[in-house]
Every structure is written in structure tokens, then in C-alpha cells.
*Asks:* 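After the C-alpha cells below, expect a handful of questions from me.
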Amino acid sequence: YLYNNRYAGNQVIRVTPNKLNDTETLKNLFDKFQVDLWHPNSPSSIREGAAVDLHVPRNASKIFRSHLHQAKIHYKVLIANLQKEIEKQAGYRSSRKRR
Amino acid sequence: SDSSYDYEVYHSLEEIQSWMHEMNKTHPSFIRLFSIGQSFERRPLYVLQLGKKSQHYKKAVWIDCGVHAREWIGPAFCQWFVKEALHSYNTDPVTRRLLNQFYFYIMPVLNVDGYHFSWTTDRFWRKTRSKISRYQCRGVDANRNWKVKWCEEGASSHPCSETYCGPFPESEPEVKAVANFLRKHKKRVKAYISIHAYAQMLLYPYSYKYATIPNFDCVESAAHNAVLALYSAYGVRYQYGPASTTLYLSSGSSMDWAYRNGIPYAFAFELRDTGYFGFLLPEFLINPTCTETMRAVKTLALNLLKKC
């Protein structure tokens, strides 16, 4: 596996904070969970109505989503398994090697 | 060789560097390879000067890619730009005019250490790889390390943050090397373009304040024409405008530094996509993404030839 399969089960989630306290809740969650912000790239740039894309590790994604549920913050899973996407991105490359 | 190099796959740093050497060797009348310094991990910082070689004074356009390590489509575009420019010199009058009148300084990978690390260890690494004393975290955001409103809003002074501005402006040897080069060639460089990913936007100053730049009309029309050209390829719509309002407030960015240092046209592209593959843009999207971006960059460069 590429990168020693370290991204297996990791997810990319799109959260859309609609209210001011949504953004505060989200920032508090960032302190609690080790998430990797994909867009925007700084918590200080998060604002209501603008999508936030974040990469959540496998062992945190379930509980992270349950926190979003409790706070009634809308979210969508953009990438359900990052490792698979990484393998796909490199897919052509490995076939090239074979060639 | 150039003809067998596959521009529609992502290449490792080593492959990109050997490609640069090869292009330098096989296109002596158009390409000159040189290094502007070394990275934190002592890798060479290579730049290609692309353009019909001439004894006469020539204006220049600077294009850097790979500021943020995980944004792989950037380096792919820089290589694509060189290949397309050379291949279409004899067939496309616009390309011929641009390469005859300008030098393009192309830096396919600015953040060479980070890019290498994203291939070997952490696919989603963003920053450089410099060591920060007293902290376990490594790396500075190479787009928050420029001496313009350094480390204010939209940047972080914490070494473990993804937008860490660094211990001081130009602390990163990669940033210092580019800043030194642009300072040295200040009179000739008329446009600065930095290629990023993941928003589909064409941005211009300011990022660090909500003010309007003095030459707004000229820059706005250039950006408008560029996103129209980009749209003409596959119908992909890009937003464009001042970075502070179009994207978000961020201080210490390379585009603002270039503009403040006298380069009249400074842009940052955020290429595809807007949240389907994210940084993992698949290789089959390299061709269309680079084709549309090529049209936009050529339009920006052509704009320099107009009076405005």
C-alpha cells in the first residue's frame, strides 16, 4: 500500500456552518480532534455559509460526525476512504511501471 | 527525453529535476536552467528561463508552482506550460510572440522538501520541512513567510499550525531565494503568477486588506479576460477578484509581496477542483486542467503587451 496504508478509513468531510455558533462549535471541535483543514486552510478564515472541507482520521471520524449531529451542523462526506483515492490517483502510475 | 516524458501523470521531485536538465540540454535556444539557492534540506532550487534567447533586453514573467506540497497539480502545470510553449512556438503566433518578447521564469517546485515529503511520507503535507527549535512540529507555510503584513490575520505564529508564518519573514531559504531573485530582476519582471490548488479561482492583491489596488482597472480586466479564456476550453467557471474578498484574508503571501515590490501584475491561481477529489485530483484531469490554465496564463501574459 502507498504510504503504508496510513490513510485507510480516513475521510474528507464538508461542513457548512450556517450560524455564528456553528463556526464556534467547529473551532472547538478542531481543538479536540486532530483534523487537517483542506479548505479554507486556517480556522480564522471559517465563516458562516462557506464550506469547510476537512480531513478526519479514521479513529475520529465517527465521533466527530456524531458531534456535528448533536450540534445540528450540516455535513457531507466528500471522500469516504482516502486511501482508496490515493491508490486510484497513483493507479495509472503503477500501470506505467508495469509497462 | 522530452517526447517520451508523460505530462499527464504526476512526477516525483527527482523525475521533475531530471526533466529540467533534459529540457535544458535539448532546447538550448529556448531554455536555460539555473539554481537560485538551496532548500532547508539542501536541495537545489531550480528555475527554467523559457523564451527565445536574445541579446536584447526582455521583460519577464515569473511563474512558481508547488508552494504548498500537497497541491500536486501545480508542478504538473508548470511542466505542461513549458512543454506546450515549446511545442507550439512554430505553430501558434501568440506563443511565438510571447516567447520572442518575454522570458518566462518557471519554478516547477518552490517547496522542494515538502513536495518530496508528500511523495514519500505524508501525502497531505503542506508546509516546508524546516526544523523549529523547541517544537516537535516542522515546517512553515511558504505562503505566509513573505515580508508583507507578515504574520497578521490569516496566519499563525504557532509552529504546529498549517499556516505557521515562521520565526521571521523570509526565514525559509526557499522563500528567501525567490525573493532575492525577484528583487534582483525587479525592473524586468512585469508579472508574478503563483499556482495553487483547490478553489478554482484567479486572485489578485490584496490578500491582507480590503482595499482596492491602484491599478485595479487594468488588473481586473486582465483577470476577467483570463477566466474567460479558461472557460473557453471546457466551460469551467473560475471566480476572480481580490484575494481578501474572493477567498479569505491572509497576510504574508507571495502575491502581495510581489505587488508591493513593484511587480504591477501579481496573481495567484487556485486550480481544480472545488471539493470532489480535492488535493487528489486524478491524473486523467491533468490534461484538461492544464489546457484551460494555459489559456488563462497566456491571456495574462498577452495583457502585458497592451497599454493599460
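The sequence lines fix the lettering, A, B, ..., with proteins before strands; numbering per chain opens at 1.
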*Asks:* Chain A heavy atoms under 4.5 Å from Thr120(B): which part of the residue, side chain, backbone, both or neither?
*Replies:*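 Looking at Thr120(B), just its backbone touches chain A.
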*Asks:* Whether Lys84(A) and Glu87(A) form a salt bridge (side-chain N of Lys/Arg under 4.0 Å from carboxylate O of Asp/Glu) is what I want to check.
*Replies:*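 Judged by the 4.0 Å cut-off on N to carboxylate O distance, Glu87(A) and Lys84(A) do not form a salt bridge.
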*Asks:* Check whether Ser161(B) gets within reach of chain A through its side chain, its backbone, both or neither, counting any heavy atom under 4.5 Å.
*Replies:*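 Contact with chain A: none, neither part.
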*Asks:* With respect to chain A, which residue among Thr121(B), Leu249(B), Asp141(B) yields the maximal number of heavy-atom pairs within a distance under 4.5 Å?
*Replies:*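 Highest number of heavy-atom pairs under 4.5 Å: Thr121(B).
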*Asks:* Answer yes or no: is there a donor N or O on one side and an acceptor on the other, between the side chain of Gln89(A) and the main chain of Leu281(B), under 3.5 Å?
*Replies:*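 Between the backbone of Leu281(B) and the side chain of Gln89(A) there is a qualifying donor-acceptor contact (under 3.5 Å).
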*Asks:* Where is the tightest heavy-atom contact between Val56(A) and Ser61(A), given as atom of each residue plus distance?
*Replies:*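 Where Val56(A) meets Ser61(A) most closely, the heavy atoms are CG1-CA, 3.5 Å.
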*Asks:* When Asp36(A) is tested against each of Arg70(B), Arg126(B), Arg123(B) for salt bridge (Lys or Arg N to Asp or Glu O under 4.0 Å), which residue passes?
*Replies:*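 Output: one option passes, namely Arg70(B).
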*Asks:* Heavy-atom distances under 4.5 Å only: say whether Ser12(B) touches chain A with side chain, backbone, both or neither.
*Replies:*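 Neither; nothing under 4.5 Å.
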*Asks:* In terms of ring plane angle, is the pair Phe279(B) and Tyr198(B) parallel, tilted or perpendicular, where the classes change at 30° and 60°?
*Replies:*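 Rings of Phe279(B) and Tyr198(B): perpendicular, over 60°.
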*Asks:* Would you mind telling me which of Phe277(B), Tyr276(B), Phe124(B) has the largest number of heavy-atom pairs within less than 4.5 Å of chain A?
*Replies:*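 Highest number of heavy-atom pairs under 4.5 Å: Phe124(B).
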*Asks:* If you tally heavy-atom pairs under 4.5 Å against chain B, which of Leu82(A), Leu37(A), Asn41(A) wins?
*Replies:*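 It is Asn41(A).
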